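Values below: all heavy atoms of this structure, side chains included; hydrogens, waters and symmetry mates excluded. On a predicted model such as this, the values are computed, not experimentally measured, just so you know.
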Amino acid sequence: MDSMITKCKSKDFLVVILFLQCIVYATMVFEIQFARQIIGFLYFTFVPGFVIIKLLKVDELDGLETVLFSVGFSVAFLMLAGLLVNEFGFLLGISRPLSLMPSMIILNSFILVGGILACVRSENIKLWEAKTLGLHPLTLLFIGLPILSVVGTLWVNTFENNLFLLFMSTVIPSLFVIAVVSKKLTPPKLYPFVVFVIAISLLYHSSLISNYIVSFGSDVPVEYFVFKTTQNNAYWSSTNPYFGDVGYGRTHSMLSVTILPTIYSSLLNMDSTWMFKILYPLIFSFVPLSLYQVWRGYVGKKYAFISAFLFMAQSTFYTEMLGLNRQMVAELFFVLLLLVVLNKKMKSPGKVVCSMIFSFGLVTSHYGLSEIFLLFVSLTFISLFVIKRPSRKITASTVVFFFVVMFTWYIYTSGSAVFDSFLSYGEYVYGQLGDFFNPASRGQTVLRGLGMESPPSIWNMISRIFAYLTQALIAIGFVGLVTKRTRFHLEKEYFMLSLTAMA
């Protein structure tokens, strides 16, 4: 396998940015349908992040990491830049800062200035580094999976027949088995591509099943409402418009479902329903790809591929998560933070800035995942400090910075609705400690998970068996890791994170 490195002169890099901006402006001015949505999404979801990477001179990233960091930086950039325009637009006399013209001009100006600064810092700019890929027998079949998924959903919506989707549901595991068994038919260098197309196929086969937003019993109705409120005003208020409604206030304080979709909607002129059904699953599809990259450095490409597939094979991935748009965005930042923390090649200055940007993205995307990440890094830092094996990757400054950003945002936005929820939830947990060992105090779902409720059908029983088997294998693997019976070596930070997760 040959390595391909493409570089260009700084002035050429700037010309490329200007050329892309001209194309984006043209699709908007002449309202070229589909081109505006496709080109605009690709431009605003990859280019800003790529410019930030070059501005920070984070050249230690490989090809896949460059793609993942570009997406993460771009999404965080849209949220942060949108927030700045939203808060300071009044200084320029802009009454609707999140409308098309202010957003487009200011975002493109930021990108252009960032490109200029990147050119000033480097004489030559590396565009990408990747392995050259040849055409393999199963490549076209994998490319056909998302097409089959979309066609299948259209067939269901039109003729109420799910034959194509059932066929896809058998093709995906079959191709997965072939990819694992045969390196000749599916070389390991294709694993990231395979993970991505499987993720897209599974997500779209659920999200596109109807012309309306499907909640899957989750929070998307409230998310959609706060988004439409922000979109109609072309402005996001940091205070809770519905004072006293804590549930609404929590969601309203998340930029991932207020400012981010409003900017996408303005720039792409895309129907809000289809934006939630198409764009957010597309962003979420980078989560299993990021997990593959995290695991690859510890268990190798093959087992990382299998692990990513297991993650996607859980029904929650392509059902319930589609009703949690803010969590889909937050999970991307969560995994990217793990990539930054566990990265062995990144230099300290770049790692610090990456950690700060992704921390902001996580905190302003989902409060629950932010709590979990803070718990993980805090316990890892404290544990390593207690056993006198301090970490250079998870430091006190990392924990303190995340803590400060998190609670500052949650206290001073939406009338501190998120912070109040923390307090009320803590009081509830404390009050329930007396019934900790009382099964009757659990809800129906928990009892079902513990096997204390009879299965309604044979298929539910089979599903439970797979769930219990998965959890049992996780426990066995962890015991093997602790007793050093596995051939995989984990760094102390990764081990402590795993220990915290198991606990």
Quick one: do Phe284 and Phe317 satisfy ring-ring contact (aromatic ring centres under 6.0 Å, His included)? Show the steps, please. CA-CA 10 Å; Phe284 186 50; Phe317 174 76; 5.1 Å; yes
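- Applying ring pair (Phe, Tyr, Trp, His ring centres under 6.0 Å) to Tyr298 and the options Phe495, Tyr303, Tyr494 leaves one that passes, Tyr494.
- With hydrogens and angles left out, the side-chain atoms of Asn343 and Glu60 include no donor and acceptor closer than 3.5 Å.
- Using a 4.5 Å heavy-atom cutoff, the side chains of Leu336 and Val340 are not in contact.
- Annotation: side chain of Ile39 is not in contact with side chain of Leu20 (no heavy-atom distance under 4.5 Å).
- Looking only at side-chain heavy atoms (C-beta outward), Ile474 and Met502 come within less than 4.5 Å of each other.
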CA sep, side-chain torsions, deciding dist, call: Ser370, Tyr410, side chain to side chain donor-acceptor pair (under 3.5 Å): CA-CA 11 Å; Ser370 299; Tyr410 294 157; 3.1 Å; yes
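- Put simply, OG on Ser378 and CZ on Phe402 are 9.0 Å apart, with the number rounded to the nearest 0.5 Å.
- For Phe286 and Phe196, the distance between ring centers is under 6.0 angstrom.
- The distance between the ring centers of Tyr280 and Phe276 falls below 6.0 angstrom.
- Gln293 and Asp62 form a side-chain donor-acceptor contact under 3.5 Å, judged by distance and modelled atom types alone.
- When ring centroids are compared, Phe311 and Tyr292 stay outside the 6.0 Å threshold.
- Phe77 and Phe110 have perpendicular rings, their planes meeting at more than 60° on a 0 to 90° scale where under 30° would count as parallel.
- Side chains of Thr395 and Thr398: a donor on one and an acceptor on the other come within 3.5 Å.
- A donor-acceptor contact under 3.5 angstrom links the side chains of Thr45 and Tyr264, judged on distance only.
- Counting heavy atoms from C-beta on, the side chains of Tyr204 and Leu282 come closer than 4.5 Å.
- A cation-pi arrangement is not found for Lys183 relative to Tyr191, the charged atom failing to lie both closer than 6.0 Å to the ring centre and inside a 45° cone about the ring normal.
- For Phe176 and Phe305, the gap between ring centers is short of 6.0 Å.
- No close placement of the Phe358 and Phe334 rings is indicated, their centers lying 6.0 Å or farther apart.
- Residues Tyr367 and Trp409 have side chains that never bring a donor and an acceptor to within less than 3.5 angstrom of each other.
- Ring pair Phe225/Tyr248 is perpendicular by interplanar angle, where above 60° counts as perpendicular and below 30° as parallel.
- Using a 4.5 Å heavy-atom threshold, the side chains of Leu369 and Phe333 count as separate.
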